[in-house]
Amino acid sequence: MKKEDLMFYLAYIILFILAGVWLLLWAVDVLTGIADVIMVWILSAGVMMLVFGNIKTRRKPKGDSTLVLGGLITTIVMLLLLALAHNMLEVWVMVGLAVIMVGITGLAYFLMRIRGTIED
């Protein structure tokens with residue numbers, strides 16, 4: 001089995017396990033509602049997209065930048081929705097967090113691309 005195929009199946013298995021974990025936390029009253037479970041699960045999917053988009057494989061996958069960008073957008077939107085749903089943060093704090101996430105993802109993407117290409 002190729003590494004790309006392994007990552008594909010691993011991602012779906014992890015998403016399935018995380019759905020069970022978040023439902024279990026809702027059942028024991030750690031999360032307050034089913035909407036929180038769904039938002040946290042989608043947030044987990046966004047983070048996984050960021051991680052799997054930054055993993056290097058021998059063959060260059062065609063959609064790695066799509067995974068990184070989609071994961072970034074999903075993560076930011078879900079973080080903002082969770083904070084907004086619980087009145088945890090003010091609007092400008094959420095905007096600041098979104099800018100930080102864009103910067104961290106851009107840095108990770110830059111480091112992923114630049115490694116091995118700099119000549120002395």
Side-chain angles (χ1 to χ4, degrees):
M1 182 179 287
K2 296 178 184 173
K3 189 174 182 180
E4 293 87 4
D5 297 335
L6 181 66
M7 287 178 21
F8 176 79
Y9 292 118
L10 184 64
Y12 277 105
I13 291 168
I14 291 173
L15 271 178
F16 191 72
I17 291 170
L18 284 174
V21 168
W22 299 130
L23 284 171
L24 182 65
L25 289 176
W26 174 55
V28 295
D29 290 332
V30 173
L31 295 173
T32 57
I34 193 71
D36 289 343
V37 171
I38 293 170
M39 284 193 282
V40 172
W41 184 62
I42 294 173
L43 176 66
S44 302
V47 170
M48 282 182 39
M49 288 169 66
L50 284 171
V51 169
F52 282 113
N54 284 316
I55 292 177
K56 288 268 202 186
T57 56
R58 183 173 298 172
R59 287 186 349 208
K60 174 140 174 57
K62 295 179 182 176
D64 62 339
S65 59
T66 306
L67 275 175
V68 171
L69 183 63
L72 174 67
I73 291 170
T74 304
T75 303
I76 289 173
V77 168
M78 284 301 120
L79 280 173
L80 295 179
L81 283 176
L82 278 168
L84 196 61
H86 292 285
N87 295 327
M88 295 168 68
L89 301 174
E90 294 180 10
V91 174
W92 288 110
V93 174
M94 291 188 287
V95 169
L97 286 174
V99 169
I100 290 170
M101 284 296 299
V102 168
I104 290 172
T105 304
L107 180 64
Y109 191 70
F110 173 74
L111 291 175
M112 178 181 74
R113 293 285 179 212
I114 199 76
R115 188 166 291 152
T117 60
I118 298 177
E119 298 177 10
D120 290 328

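Predicted model, so just to flag it, every value in this text is computed and none were measured. When reading the values below, keep in mind they use all heavy atoms of this one structure, side chains included, and skip hydrogens, waters and symmetry mates.
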If you look at every heavy atom in Thr75 and Gly46, which pair is closest and at what distance? OG1-C, 3.4 Å
Kindly give the heavy-atom pair with the smallest separation between Met78 and Met39, and that separation in Å. SD-O, 3.7 Å
Going by heavy atoms in the side chains, are Leu23 and Ile34 under 4.5 Å from each other?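 In contact.
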Distance, nearest 0.5 Å, that separates [atom1] of [X] from [atom2] of [Y]:
X     : Y     : atom1 : atom2 : result
Met48 : Thr74 : CE    : OG1   : 12.0 Å
Leu15 : Leu10 : CG    : CG    : 10.0 Å
Leu82 : Leu31 : CG    : CG    : 9.0 Å
Asp36 : Leu43 : CG    : CG    : 11.5 Å

Can you tell me which residue pairs pass the ring-ring contact (aromatic ring centres under 6.0 Å, His included) test with a partner in residues 11-31, sequence neighbours excluded?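 Qualifying pairs: Phe8-Tyr12.
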Counting only N and O atoms by type, is there a donor-acceptor contact under 3.5 Å from the side chain of Trp41 to the main-chain atoms of Val21?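 No, the answer is negative, given that no donor and acceptor are paired below the 3.5 Å cut-off.
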Hphob cluster co-occupancy, Ile42 + Val30, side-chain heavy atoms under 4.5 angstrom: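 Yes, Ile42 and Val30 fall within the same hydrophobic cluster.
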